[in-house]
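Just so it is clear, the structure is predicted and the values come from calculations on it, not from any experiment. Chain naming here is simple, since letters A, B, ... match the order of the sequence lines and numbering starts at 1 in each.
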Amino acid sequence: MVEIRLTNTKTRRKEDFQPLDPQNVRLYLCGPTVYDRAHLGNARPVVVIDVLVRLLRHVYGPEHVTYVRNFTDVDDKINAAALARKEAGAPGTLEELIRQRTAETIGWYHADMDALGAARPDHEPRATDYIDQMQRMIGQLIESGHAYARDGHVLFRVRSYADYGKLSGRSVDDMIAGARVEVAPFKEDPMDFVLWKPSDGDLPGWDSPWGRGRPGWHIECSAMSYELLGESFDIHAGGIDLQFPHHENEIAQSCCAHPHGQFARVWLHNEMLQVEGRKMSKSLGNFFTVRDLLDQGIPGEVIRFVLLSTHYRKPMDWTAEKAREAEASLRKWRGLVAGIDPAPSPAPAVIAALADDLNTAGAIAALHELAGQGDAAGLLASAQLLGLLGEELGDWARGPDLSVLAARMESLRAEAKAQKDFSAVDALKRQLAEAGVEIRMTKDGTELLPGAGFDPARLPQ
RNA sequence: GGCGGGUUGGCGGAGAGGUUACGCAGCGGAUUGCAAAUCCGUGAAGACCGGUUCGAUUCCGGUACCCGCCUCCA
């Protein structure tokens, strides 16, 4: 049995991973708020956790892993987008416009993550389908004294959970001293956070014991993970920016509502993504979505490779140079494994790297070594554990038939050798190179392959 | 102000208390009409200051610089 080790944010240590139930390893990843296209930063945890799920399925069996990733479809940005459409004259009620917007965004999200080779989770709950369960949990928290209703709001009383702040290493008093908290008249303590808030007529709302309103952000993950995974489960993952307050609040709610459960045992947090050395932000003009990259012709497999080439716990810098190098490596490997059946199992070095806190960069290095040794079957089997070199992501590398051009090159070359004049050969070679074709001439013949930046439109006729 | 992360060779990026990471680029060679690709070979590192140790880039402490979070942004 492969021993998996994972760095648990909760303990700040790398620990042996022992599932609660090896017959059903359960993990939850905080999913997107579906108001717009997923940006590249959204894709990092998805791809990283996709590799973790592949590893877990490899170790515990394909049927023994349950992977949940939610869609947050209650959100002020969604409301604003829908309201803007309504004001622009779109037909339908606000609720219908919201539903349209979130359905459309979920469709985009699926298409974009599919393009990165990320397998769909077993469950993809939508917050709006779990309003009752959220209300039930909020009711329990009020009954047990961990929450209070005031002015149409329900707030979680952070002072009633002794371990509040443990995950992120903060104390309530220090945070208040920082003074960047919303002070509201209905709060007992400035750090108390919203479980339920009132909605006016311009906002989506649900009837509740506390009046028409909508849930706060954090409660959905607590309610949905409880419903789908139980009061104790193995892994909870997300970006490090969610560590506080989102995950801290999830822990407080879940542990107070279900005091006999442990909630998530292992917390995995990935570091943030940067672009050419700077934070990705709209104001810096370096903000882009996954779809933007795909539309630029960068294959999903290349994006995936780049995302996996830095360990998940380190900041990752997206650069055009990395995409170029990744494409070259993938082309080379795809050439190597063409027509080869994968080995029965991935190479031990690759499994060992992944089992060691998901060292995807180390695993890629091991793939390079397999390629260097000419072990195509091992390379293929191992790469597939990382979701690379599979059929489904391979379209970009399958070039058109260039044999006619290769034959023309050969005849020109034979003629040139006889005439000692290579100008015609060189001219064709230059045209091919400009179209991104890789030319491999040996004394036996000419082989033409689509190379980096291949553009069929520029091929010589 | 509080909390967390980082600093490795030209670039990217890992592991390991003592032995080659790996990739790209470079350099030398083979090959080629010339190239490309391929193959062979090769130089190059561990922010700074202390400590522990026979020995640290790897452990501990401090300094500097960078980054993120504390604003329902992964």
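- Residue A:V425 places its side chain closer to B:G33 than to any other of B:A74, B:G33, B:G13.
- Here the side chain of A:M272 is nearest to one of B:C73, B:G68, B:A14, namely B:G68.
- The separation of B:C39 from B:G5, taken at their C1' atoms, amounts to 42 Å, rounded to a whole angstrom.
- Remark: the A:H269 side chain and the A:H247 side chain contain an N/O donor-acceptor pair separated by less than 3.5 Å.
- Whole-Å rounding puts the A:D317 CG to B:G68 C1' distance at 14 Å.
- Residue A:M316 is tested with A:V48, A:T310, A:N270, A:V275 for a side chain to side chain contact (heavy atoms under 4.5 Å, CB included); the sole match is A:T310.
- For A:E271, whose side chain is taken as the heavy atoms from C-beta onward, the closest listed nucleotide among B:G5, B:C22, B:A74 is B:G5.
- A:R12 comes within contact range of the sugar-phosphate backbone alone, with a heavy-atom separation under 4.0 Å but no base atom that close.
- A:H269 contributes no side-chain N or O that forms a donor-acceptor pair with the base of B:A74 under 3.5 Å.
- For the residue pair A:A376 and A:L336, the shortest heavy atom distance occurs at CB-O, 3.6 Å.
- Candidate nucleotides B:G23, B:G13, B:C70 were compared by shortest atom distance to the side chain of A:F244, and B:C70 ranks first.
- The phosphate of B:G13 (OP1 or OP2) has a side-chain N or O of A:K322 nearer than 4.0 angstrom.
- Distances shorter than 4.0 Å separate some side-chain N or O of A:K314 from OP1 or OP2 on B:A14.
- OP1 or OP2 of B:G4 has not a single side-chain nitrogen or oxygen of A:K10 nearer than 4.0 Å.
- Among the nucleotides B:A14, B:C73, B:C24, the one closest to the side chain of A:E325 is B:C24.
- For the OP1/OP2 pair of B:G23 and a distance below 4.0 Å, the side-chain nitrogens and oxygens of A:S329 include no atom meeting the criterion.
- Counting atom types as modelled, A:D426 pairs a side-chain N or O with a base atom of B:G33 as donor and acceptor under 3.5 Å.
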